[in-house]
Amino acid sequence: MSPSPHSPIGVFDSGVGGLTVVRALMQRLPNEDIIYFGDTARVPYGIKSVETISHYATQITEFLLEKEVKLLIVACNTMAAVASQVIHDLSPVPVLDVIEAGTRGAIAATRNRQVGVIGTLTTINSQAYVHTIHAAAPDIGIHSRACPLFVPLVEEGWLDHEVTRLTAREYLSPLLELDIDSLVLGCTHYPLLTPLLKEVVGDSIQLIDSAETTAQQVVELFEQTGMANPDPTPGSHQFFVTDVPQRFQDVGSRFLGQPLFHVHVVNW
Ligand code: DGL
């Protein structure tokens, strides 16, 4: 059976971070059904090899395609950075990802054409943001920095903690010397640090949160393809994870912005 406008949207991430994208989707497209997959048993991906990440991305893509989704959203910068081609090759339905969205947000935001990008080690090493931003706007100067400690700090819930503030200052001070006017939050976890990061970078730098831009891209795609769900009733939301770690409900709810229900464990 081929997907119809009534089919669900598949969203996936290495863990719970992609729930920030689900949250933005729920706000913009409240009547869409969403199936989320978070590989909570194998997170973090951001320090793993390209081969391993591609293998995991293949498994998740196949899982969601079996659920007959009408659209796949790669809500993980690390997977989008190194496994995008693998996912596109497997998928008969459209694929959107947070790197395209972040790129779009950065190009729209920058005035002085100097953009900072922060993300996991794998994302920054892949230069994926450099390639996608330069493909659309070759004149933009891109200044990247890996911030690997942010993921565990966010998972720990230290969103407004002195350790996180000091870590952010340490990571971001070289970027702040480079006259950037926009900073792409190139990792699903970073939007939760927005208030703290704003404090560290100051008012002159705009933070680009790819969750919002991704939701906007979905709205536009559905307008072009007529794939929006015409059913006016509120959409259903299902969450599949590979493990339920301690504090999962707490951390997941923080990302989603509301309590997490309908969580199913997939035993891989
Ligand atoms: N989801 C990952 C990302 O957006 C962060 C967590 C991880 O390292 O797996 O890059």
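What you see is a predicted model, and the numbers here were worked out from it, not measured in a lab. Each ligand, and each atom within it, is numbered from 1 in the order the structure gives. Position 1 is the first residue of the sequence, and the numbers go up from there.
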Would you call Ile9 and Tyr36 a side-chain contact if the rule is heavy atoms closer than 4.5 Å? no
Are the side chains of Thr164 and Leu166 in contact, using a 4.5 Å heavy-atom criterion? no
Write 'none' if nothing qualifies; otherwise put on separate lines each N/O atom of ligand 1 with a protein N/O atom under 3.5 Å away and their distance to 0.1 Å.
| from | atom 1 | to | atom 2 | distance (Å) |
| --- | --- | --- | --- | --- |
| ligand 1 | 1 (N) | Asp13 | OD1 | 2.7 |
| ligand 1 | 1 (N) | Ser14 | OG | 3.1 |
| ligand 1 | 1 (N) | Thr188 | OG1 | 2.9 |
| ligand 1 | 4 (O) | Asn77 | N | 3.0 |
| ligand 1 | 4 (O) | Asn77 | ND2 | 3.4 |
| ligand 1 | 4 (O) | Thr188 | N | 3.0 |
| ligand 1 | 4 (O) | Thr188 | OG1 | 3.1 |
| ligand 1 | 8 (O) | Tyr45 | N | 3.4 |
| ligand 1 | 8 (O) | Gly46 | N | 2.8 |
| ligand 1 | 9 (O) | Ser14 | OG | 2.6 |
| ligand 1 | 9 (O) | Tyr45 | N | 2.6 |
| ligand 1 | 10 (O) | Thr78 | N | 3.2 |
| ligand 1 | 10 (O) | Thr78 | OG1 | 2.6 |

Does any non-hydrogen side-chain atom of Glu100 lie less than 4.5 Å from one of Ser210? no
Using every non-hydrogen atom in the two residues, find where Pro3 and Val69 come nearest and quote the distance to one decimal. CG-O, 3.5 Å
Flag side-chain contact, heavy atom, 4.5 Å: Leu19 against Phe239: yes
Are the ring centres of Tyr45 and Tyr56 closer than 6.0 Å? yes
